[in-house]
Amino acid sequence: SAPVRDAQCIILCAVIGRVQINALDQIISADNNFSGRGDFSVLWNDLGIRLGHSIRPDLRFKPFAPLNPGVANPIIYEQRFGPTTNQILAEASQTQELVQRSKLLLYDHTTDPYLYYTSETAGPVFAALVPLKNQRWVYGVLTPEAGISSAVNAQTEHMVATTLLVGVLAIVGAFFAARWIAQPIRQVVDT
């Protein structure tokens, strides 16, 4: 939703749009494996409640950290996530550092948007967090540490192989260059 204002900034009305939750999942799944390292995306609100997950839609509406009863009770009373809202909120993860960093990002855009933490989905991950404009939502692209490690290992193997090849070529080139330079000198010595 967004307010519609006139020239004097007086609110005339509000425009409200709705999107099906499956459509939201399709949008955020566009970043799956973005870098080729097994990346996935998660969208959550300022309370740390997942609104979408690109590879685990079963985690939708489950918080990253337990909610304060003052926050959770109205959500449960209103049954915002259906009749099982209480059970959904009770299945919170224990990722308080992610919730705290995202809250900081929403209010202080100079906060470091990168975070390393352990995800229940993929184990240790590196997260790049982006607060959305005009919403109190945070979008995160998470890359498993294993994907980064395998990319680093592949790059290291490539560099070692290249270095060995260049070294062998340098030795062979030096051998032929030495023979080429030494041949006229031998002829002079023999003469």
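Values below: all heavy atoms of this structure, side chains included; hydrogens, waters and symmetry mates excluded.
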*Asks:* Are V99 and Y107 co-members of a hydrophobic cluster defined by side-chain heavy atoms under 4.5 Å apart?
*Replies:*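 Yes, Y107 and V99 fall within the same hydrophobic cluster.
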*Asks:* Is it the case that more than 12 heavy atoms not belonging to Y116 sit under 6.0 Å from its OH atom?
*Replies:*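 Yes, the 6.0 Å shell around OH holds more than 12 heavy atoms from other groups.
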*Asks:* Contact between T118 and V125 at the side-chain level, heavy atoms closer than 4.5 Å - yes or no?
*Replies:*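 Counting from C-beta outward, T118 and V125 never come under 4.5 Å.
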*Asks:* Under the criterion side chain to side chain contact (heavy atoms under 4.5 Å, CB included), which of T110, L129, L115 is the partner of L105?
*Replies:*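 Only one of T110, L129, L115 forms a side chain to side chain contact (heavy atoms under 4.5 Å, CB included) with L105, namely L129.
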*Asks:* Less than 4.5 Å apart, side chain to side chain, heavy atoms only: is that true for E97 and T95?
*Replies:*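 Counting from C-beta outward, E97 and T95 do come under 4.5 Å.
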*Asks:* Is the shortest side-chain heavy-atom distance between R101 and P113 below 4.5 Å?
*Replies:*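 Counting from C-beta outward, R101 and P113 never come under 4.5 Å.
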*Asks:* Looking at every heavy atom in both R5 and I11, which two are closest together, and how far apart are they?
*Replies:*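 Looking at all heavy atoms of both residues, the closest pair is NH1-CG1, 3.7 Å.
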*Asks:* Give, for atom CD1 of I27 and atom OG of S54, the distance between the pair rounded to the nearest 0.5 Å.
*Replies:*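 OG of S54 is found 12.5 Å from CD1 of I27.
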*Asks:* Quick check for you: to the nearest 0.5 Å, what is the distance between E157 atom CD and T162 atom OG1?
*Replies:*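 These two atoms lie 11.5 Å from each other.
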*Asks:* Donor-acceptor pairs under 3.5 Å, side chain of residues 166-190 to any protein atom, not counting sequence neighbours: which ones?
*Replies:*
none

*Asks:* Y114, F64: one ILVMFWY side-chain cluster at the under-4.5 Å cut-off?
*Replies:*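 Looking at the clustering, F64 is in a separate group from Y114.
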*Asks:* Might you work through the side-chain contact (heavy atoms from CB on, under 4.5 Å) test for V138 and L106, ending with a clear yes or no?
*Replies:* CA-CA 8 Å; V138 177; L106 288 169; 4.0 Å; yes
*Asks:* Please round to the nearest 0.5 Å and tell me the distance separating atom CG of N86 and atom CD1 of I88.
*Replies:*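 Those atoms lie 9.5 Å apart.
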*Asks:* With a cut-off of 3.5 Å and sequence neighbours excluded, list every side-chain donor-acceptor pair involving residues 68-75.
*Replies:*
residue: N68; atom: OD1; partner: G70; partner atom: N; Å: 2.8
residue: N73; atom: ND2; partner: P69; partner atom: O; Å: 3.1

*Asks:* Restricting to non-hydrogen atoms, name the atom on F61 and the atom on L89 that form the minimum distance, rounded to 0.1 Å.
*Replies:*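 In this case the closest contact between F61 and L89 is O-CD2, 3.9 Å.
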*Asks:* Under 4.5 Å between side-chain heavy atoms, counting indirect links through other Ile/Leu/Val/Met/Phe/Trp/Tyr residues: same cluster for L24 and F81 or not?
*Replies:*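 Yes, L24 connects to F81 through the hydrophobic network.
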*Asks:* Tell me, do I55 and H53 make a side-chain contact under 4.5 Å, heavy atoms counted?
*Replies:*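 They are in contact (side-chain heavy atoms under 4.5 Å apart), so the answer is yes.
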*Asks:* For residues 40-51, which side-chain N or O atoms pair as donor and acceptor with protein atoms under 3.5 Å away, sequence neighbours left out?
*Replies:*
residue: S41; atom: OG; partner: I28; partner atom: O; Å: 3.3
residue: S41; atom: OG; partner: Y139; partner atom: OH; Å: 3.0
residue: W44; atom: NE1; partner: S102; partner atom: OG; Å: 3.2
residue: N45; atom: OD1; partner: L47; partner atom: N; Å: 3.0
residue: N45; atom: OD1; partner: G48; partner atom: N; Å: 3.2
residue: N45; atom: OD1; partner: I49; partner atom: N; Å: 3.0
residue: D46; atom: OD2; partner: R136; partner atom: NE; Å: 2.9
residue: D46; atom: OD2; partner: R136; partner atom: NH2; Å: 2.4
residue: R50; atom: NH1; partner: K62; partner atom: O; Å: 2.9
residue: R50; atom: NH2; partner: S93; partner atom: OG; Å: 3.0
residue: R50; atom: NH2; partner: E120; partner atom: OE2; Å: 3.0

